[in-house]
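Reviewing the structure listed below.
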Amino acid sequence: MKRLLAITLILTLNSCFFYKKDGIEMKIKNDSSEPITNVEFTRTERLELIKIDRIEANESVTEFLSMRKNKSDGAYSLTFNRASGKKEISGGGYYTNGGSLDHWVDFIVENDTTIVKFDAPIY
């Protein structure tokens with residue numbers, strides 16, 4: 001019985017280490033009727049960023065933003081241009097000591113707004 005408990009504990013801890021990545025997965029879904037351009041997703045420190053030239057209407061893009069170089073606290077931001085030329089900025093979330101509290105973030109771009117969804121932190 002003690003061996004079973006020890007094996008279960010070791011497997012549980014290992015699965016946590018394998019899942020943990022130094023970064024956050026970002027998905028942008030363009031639910032608007034027009035394409036969006038000059039898309040950038042980054043953090044407050046701007047050490048790395050994801051750049052996407054264009055996302056067509058009814059398309060989505062998923063990327064992973066590495067946070068290996070981050071050392072401080074901050075938030076995430078998404079900037080893009082609508083077809084009208086208007087620049088939009090959406091932000092939110094939080095990372096601390098260079099580590100993301102979330103595994104993923106979804107941005108849903110609609111004609112008049114951008115919805116941001118983060119997964120719930122696991123403690």
Side-chain angles (χ1 to χ4, degrees):
M1 187 66 171
K2 288 182 181 180
R3 282 188 181 183
L4 181 61
L5 181 61
I7 291 171
T8 304
L9 180 63
I10 290 170
L11 289 174
T12 303
L13 291 175
N14 280 339
S15 67
C16 292
F17 290 125
F18 289 132
Y19 182 76
K20 182 173 171 52
K21 296 180 185 178
D22 293 330
I24 187 167
E25 184 177 271
M26 176 268 321
K27 179 179 179 182
I28 302 172
K29 184 173 185 202
N30 184 1
D31 275 351
S32 71
S33 57
E34 297 179 330
I36 58 174
T37 58
N38 300 322
V39 181
E40 290 186 359
F41 178 70
T42 190
R43 303 166 307 278
T44 305
E45 295 176 89
R46 293 192 61 85
L47 296 174
E48 290 188 29
L49 66 113
I50 295 172
K51 289 180 117 177
I52 303 164
D53 291 331
R54 183 179 181 97
I55 302 174
E56 296 294 333
N58 300 313
E59 286 188 357
S60 64
V61 175
T62 302
E63 297 276 343
F64 183 79
L65 181 66
S66 175
M67 298 182 70
R68 292 176 193 234
K69 297 177 185 176
N70 289 73
K71 302 293 182 214
S72 66
D73 298 356
Y76 305 98
S77 69
L78 174 74
T79 59
F80 63 89
N81 293 332
R82 293 197 179 264
S84 65
K86 181 181 176 189
K87 185 174 186 174
E88 299 260 342
I89 301 173
S90 297
Y94 184 72
Y95 63 91
T96 183
N97 296 324
S100 180
L101 298 176
D102 304 292
H103 295 111
W104 54 262
V105 58
D106 287 348
F107 293 95
I108 303 167
V109 178
E110 297 179 345
N111 285 328
D112 60 348
T113 191
T114 302
I115 300 168
V116 183
K117 296 180 182 179
F118 286 88
D119 72 334
I122 301 171
Y123 297 107

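For the pair Lys27 and Lys117, the minimum side-chain heavy-atom distance is 4.5 Å or more. A 4.5 Å side-chain heavy-atom check between Phe41 and Val39 finds every atom pair outside the cut-off. Within the 4.5 Å cutoff, side-chain heavy atoms of Ile28 are placed close to those of Leu78. Side chains of Met67 and Arg43 form a contact here, defined as non-hydrogen atoms less than 4.5 Å apart. Side-chain contact between Val105 and Ile24 is present, with heavy atoms from C-beta onward closer than 4.5 Å. In this structure, the side chains of Val109 and Phe80 come closer than 4.5 Å at one or more pairs of heavy atoms.
Atoms CG and CD, on Asp106 and Glu25 in that order, are 8.0 Å from each other to the nearest 0.5 Å. In this structure, OH in Tyr76 is found 10.0 Å from CZ in Phe107, a value given to the nearest 0.5 Å. Interatomic distance, Ile50 CD1 to Met26 CE, rounded to the nearest 0.5 Å: 4.0 Å. One distance of note links CG of Leu49 with CD of Glu40; it measures 5.0 Å at 0.5 Å rounding. One finds the CG atom of Asn30 at 8.0 Å from the CD atom of Glu59 (value rounded to the nearest 0.5 Å).
Criterion: ILVMFWY side-chain heavy atoms under 4.5 Å apart, direct or through other members. Under it, Val61 and Ile108 are not part of a common hydrophobic cluster.
In this structure, Phe118 has its ring center at least 6.0 angstrom away from the ring center of Tyr94.
Without hydrogens or angle criteria, Thr44 side chain to Ala75 main chain gives a donor-acceptor distance under 3.5 Å. Between the side chain of Asn97 and the main chain of Ser72, no donor-acceptor pair closer than 3.5 Å is present. Checking side-chain atoms of Asp119 against main-chain N and O of Asp102 turns up no donor-acceptor pair under 3.5 Å. With hydrogens and angles disregarded, no donor-acceptor distance shorter than 3.5 Å links the side chain of Thr42 to the backbone of Ser77.
Other residues, nucleotides and ligands place more than 12 heavy atoms under 6.0 Å from the CG atom of Asn111.
For Ser32 against Ala57, the heavy-atom pair with the smallest separation is O-CB, 3.3 Å. Taking every heavy atom of both residues into account, Val116 and Gly91 meet most closely at CG2-O, 4.5 Å.
The residues Arg82 and Glu88 are annotated as salt-bridged, a charged nitrogen and a carboxylate oxygen being separated by less than 4.0 angstrom. Using a 4.0 Å cut-off between a side-chain N of Lys or Arg and a carboxylate O of Asp or Glu, Lys29 and Glu110 do not qualify as a salt bridge. Note on Arg54 versus Glu56: salt bridge recorded, some NZ/NE/NH1/NH2 to OD/OE distance being below 4.0 Å.
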